[in-house]
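Excluded from the calculations below are hydrogen atoms, water molecules and symmetry mates; all remaining heavy atoms, backbone and side chain alike, are included.
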Amino acid sequence: MPPRRLQSDASVEPLFRLLRRRREGLIVVARAVLLPVLLLAAGAARAATLEVGPQRAFQQPSAALLKADDGDTIAIDPGDYFDCLRVRVNRLTIVGSGPGVVLTDTACDGKALIVAAADDLVLRNLTLQRVRVPDGNGAGIRAEGRNLTVDHVRFINNQSGIITTDSPDSVIRITDSTFTDNGVCNGPRCAHALVFGAVARVRIEKSVITGTRGAHQIVTSARLTELQGDRIEDGEKGSASFQVLVPSGGSLVMEDCVVQKGPNAANTRAAVMLDGEVTGKLVFRRNRFINDTGTPMPFIRNWTNYAPVMDANVIAAGDSDVSSGGWLANRGWAVLSQVKRTVGKVIDLGKRVAHKVLPI
């Protein structure tokens, strides 16, 4: 049998090129898949826990924060800390190591106990209390970055509990927290208990908001606000205006909440006030409205373009669920003002045209 002849280099070369291309393709895919995983693992490996307390390396939370990097955790021992925090690192977690971790009586930058100019801040198992600043808006937290998680945090006797600035992609999550005696009016100026700017979403779950004096308890301009299983109430001493105010047409889903207006309520128009052009949804399910003012009122005053969905809410006899009362008067003044401005502009334009056509 004659010996088998080997293929020439020319005939083998296309096969080698195909194999090389496949190998290079596999390398590119592997890099795309594995690189993010390796980066996350490296970040997790670098993340540190900085411990704060009388017997720790850091005596004050702010001292630990100066050494913190992205992704770190600051763990604080129980005690009272007359200290405030300027958060400039992302993905930071600040946690109380046990009950009784209190930040008190101090404000950074004339704003808040915690000023967060960073993204993805997590706060857990803390007490933030007694913030006072000259402009009357001293808050437990001032959120100026993107995304904030608040879990099991107590806010006590601050001018305001939480204030967030506008951040269209930001998500605010508040769980199992209490806001006691936050929000107050001094003359015509009011600091509300919780104020959310134009953010993507606010979710408040299993939390209690009570004791606001004169101001509103929740003011939200978020695209979507979710209130789930909360107690929003005046209590015996509180005198809030609205328990919930949605002034600019955001969606609101409110379920399984207890809403109470106390005998000292600043207004008897409604507990929930809705205004603006709604492009999403308004849903109220299984809520209980308690009216202790002695004056019948609606649970919700709706000045939006959207009829809310009402399902299985408990409202006492004599009160109503939804009213649009006052809308015409409110809008009437706005329309009249706009008409006056428009007429004024038309008259001015006519005078200018007449002066050019018939100069004096």
Side-chain angles (χ1 to χ4, degrees), residues 47 70-76 85 87-96 101 103 112-128 139-156 158 160-180 182-183 192-210 216-232 243-246 248 250-259 272 280-287:
D70 289 355
D72 283 353
T73 295
I74 296 176
I76 308 174
L85 301 175
V87 180
R88 300 290 187 268
V89 294
N90 296 323
R91 305 187 309 280
L92 183 71
T93 297
I94 303 174
V95 59
V101 178
L103 276 65
L113 273 164
I114 299 176
V115 179
D119 296 341
D120 304 308
L121 175 63
V122 176
L123 302 173
R124 185 174 293 118
N125 198 26
L126 305 170
T127 296
L128 309 177
I141 302 169
R142 173 95 175 193
E144 299 176 346
R146 186 169 59 88
N147 300 339
L148 171 68
T149 298
V150 176
D151 179 26
H152 196 64
V153 176
R154 298 193 306 162
F155 298 77
I156 302 174
N158 304 295
S160 185
I162 297 176
I163 298 174
T164 79
T165 56
D166 294 344
S167 181
D169 299 324
S170 184
V171 175
I172 313 297
R173 296 181 176 90
I174 301 169
T175 305
D176 194 28
S177 295
T178 60
F179 299 79
T180 304
N182 297 272
H192 308 298
L194 293 99
V195 180
F196 304 106
V199 299
R201 179 185 175 202
V202 171
R203 182 179 178 89
I204 306 175
E205 186 174 4
K206 299 178 183 177
S207 297
V208 177
I209 305 159
T210 186
H216 307 309
Q217 293 186 286
I218 299 173
V219 179
T220 175
S221 296
R223 291 201 302 275
L224 171 62
T225 301
E226 299 171 304
L227 305 178
Q228 301 288 319
D230 303 308
R231 293 188 65 92
I232 309 167
Q243 274 60 43
V244 180
L245 171 61
V246 182
S248 52
S251 295
L252 174 63
V253 177
M254 187 173 186
E255 297 175 325
D256 303 303
C257 293
V258 176
V259 181
V272 178
K281 55 188 175 182
L282 299 172
V283 179
F284 297 83
R285 290 194 179 101
R286 301 179 301 277
N287 302 292

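The side chain to side chain contact (heavy atoms under 4.5 Å, CB included) check on Asp256 picks up Arg286, with sequence neighbours excluded.
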Exercise for review: Using the side chain to side chain contact (heavy atoms under 4.5 Å, CB included) rule, take Phe196 and Ile204 through it: C-alpha gap first, then chi angles, then the decisive distance, then the call.
Suggested key: CA-CA 12 Å; Phe196 304 106; Ile204 306 175; 4.0 Å; yes
**Study point:** Check against side chain to side chain contact (heavy atoms under 4.5 Å, CB included), Met254 and Val259
**Key:** CA-CA 11 Å; Met254 187 173 186; Val259 181; 3.2 Å; yes
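For the pair Ile174/Phe179, a side-chain contact is recorded, criterion being any heavy-atom separation below 4.5 Å from C-beta on. No side-chain heavy atom of Val246 sits under 4.5 Å from any side-chain heavy atom of Thr225. Two residues are said to be in side-chain contact when any heavy atoms from C-beta on lie closer than 4.5 Å; Thr175 and Arg203 fail this criterion. Counting heavy atoms from C-beta outward, Leu92 and Asp72 have side chains that approach closer than 4.5 Å. Side-chain atoms of Arg173 and Arg201, non-hydrogen and from C-beta on, do get closer than 4.5 Å to each other. Leu121 places a side-chain heavy atom less than 4.5 Å from the side chain of Ile114. Using a 4.5 Å cut-off on side-chain heavy atoms (C-beta onward), Lys281 and Val253 make contact. Taking 4.5 Å as the limit, every side-chain heavy atom of Leu227 sits out of range of all side-chain heavy atoms of Asn287.
Closest of all the heavy-atom pairs between Ser251 and Gly280 is OG-CA, 3.0 Å. Contact record, Ile76 with Val101: O-CG2, 3.4 Å, taken as the closest heavy-atom pair. Annotation for Arg88 and Val115: closest pair NH1-O, 3.9 Å, computed over non-hydrogen atoms. Minimum interatomic distance between Lys206 and Asp230 (heavy atoms only, all atoms of both residues): N-OD1, 3.0 Å. Listed here is the closest heavy atom pair of Asp119 and Arg146: OD1-N, 2.8 Å.
Side-chain contact check for Asp120 and Asn90: no donor-acceptor pair (N or O, by modelled atom type) lies under 3.5 Å.
With respect to Asp151 and Arg124, a salt bridge is recorded, a charged nitrogen being found less than 4.0 Å from a carboxylate O.
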